[in-house]
Structure formats: C-alpha cells, structure tokens
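First up is the structure itself, then whatever we jot down about it.
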Amino acid sequence: MLDYIGSLVSFLLALIFIPISIPLALKKVSQNHFYGFRTKYTLADEEIWYVVNSKTGFQMIYMGIILAVYGLVTLLLFKGKQKQIIVAI
C-alpha cells in the first residue's frame, strides 16, 4: 500500500479539486470571503469577480484532470514498482 500512496493521493485530490472548481467556472459563486479567487479587486467589483473566478475555475478543472490522469497512470503502470522516500527535515 505504501508503495503507491503518492499516486493514490494525487488521484483522490483530483476527485476533490474538480467538483470544487465547477461552480466557479460556471459563475455560480457570488462574492464572498471564503470561496473563490479573493483579492481586494475581485471583492470590489462583481463583474471582475465573475470573470476572474470563471477563468480560475476552468484552470482548476484542467489541473484536476491532469492530476487525475497522472494518478491513474502511475497507479496502473507502476503499481508495486514505486518506492516511497521519506525525507525528514
């Protein structure tokens, strides 16, 4: 199990990342201080809020897809062949 934990975590994070991004991409999230791309400029203007958060949402979806593909590919191709390296700082 520890041999492929990094790939599994990557895939599971993608499964969380994508659904969180969809409402932003579809402009369904109104201005707030908790969820979205929050800066003084996006919070000052509602139009800027929706434009910036829509673009950010689509970028997050793309990155989630890439992360999911990476996780699946490494899980399927390298299962049992990966070695976990733990570094203590």
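Within a 6.0 Å radius of OH in Tyr50, more than 12 heavy atoms belonging to other residues, nucleotides or ligands are found. No more than 12 heavy atoms of other residues, nucleotides or ligands shown are found within 6.0 angstrom of OH on Tyr62.
When all heavy atoms of Met63 and Phe17 are compared, the pair lying nearest together is CB-CE2, 4.3 Å. Annotation for Phe37 and Trp49: closest pair O-CZ3, 3.6 Å, computed over non-hydrogen atoms. Considering all non-hydrogen atoms of both residues, Leu43 and Asn32 come closest at CD2-O, 3.3 Å. In this structure, Ala68 and Phe11 approach most closely via the heavy-atom pair O-CD1, 3.6 Å. Counting all heavy atoms, side chain and backbone alike, Ser10 lies closest to Gly71 at CB-CA, 4.2 Å. Heavy-atom minimum distance, Gly57 versus Ser21: O-CB, 3.5 Å.
Both Leu8 and Leu72 belong to a single network of hydrophobic side chains, linked directly or stepwise wherever heavy atoms of I, L, V, M, F, W or Y lie under 4.5 Å apart. Hydrophobic clustering, with ILVMFWY side chains joined whenever heavy atoms are under 4.5 angstrom apart, keeps Ile16 apart from Val9. A continuous path of Ile, Leu, Val, Met, Phe, Trp and Tyr side chains, each step under 4.5 Å between heavy atoms, connects Leu26 with Ile65, placing both in one hydrophobic cluster.
With rounding to the nearest 0.5 angstrom, the CG atom of Leu15 is 7.0 Å from the CD1 atom of Ile18.
Put simply, the side chain of Asn53 does not reach to within 4.5 Å of the side chain of Val29, judged on heavy atoms.
Using modelled atom types, one side-chain atom of Gln31 and one backbone atom of Thr42 make a donor-acceptor pair closer than 3.5 Å.
With Ile61 as the fixed residue, the side chain to side chain contact (heavy atoms under 4.5 Å, CB included) test singles out one of Thr56, Leu24, Ile66, Ile22: Ile22.
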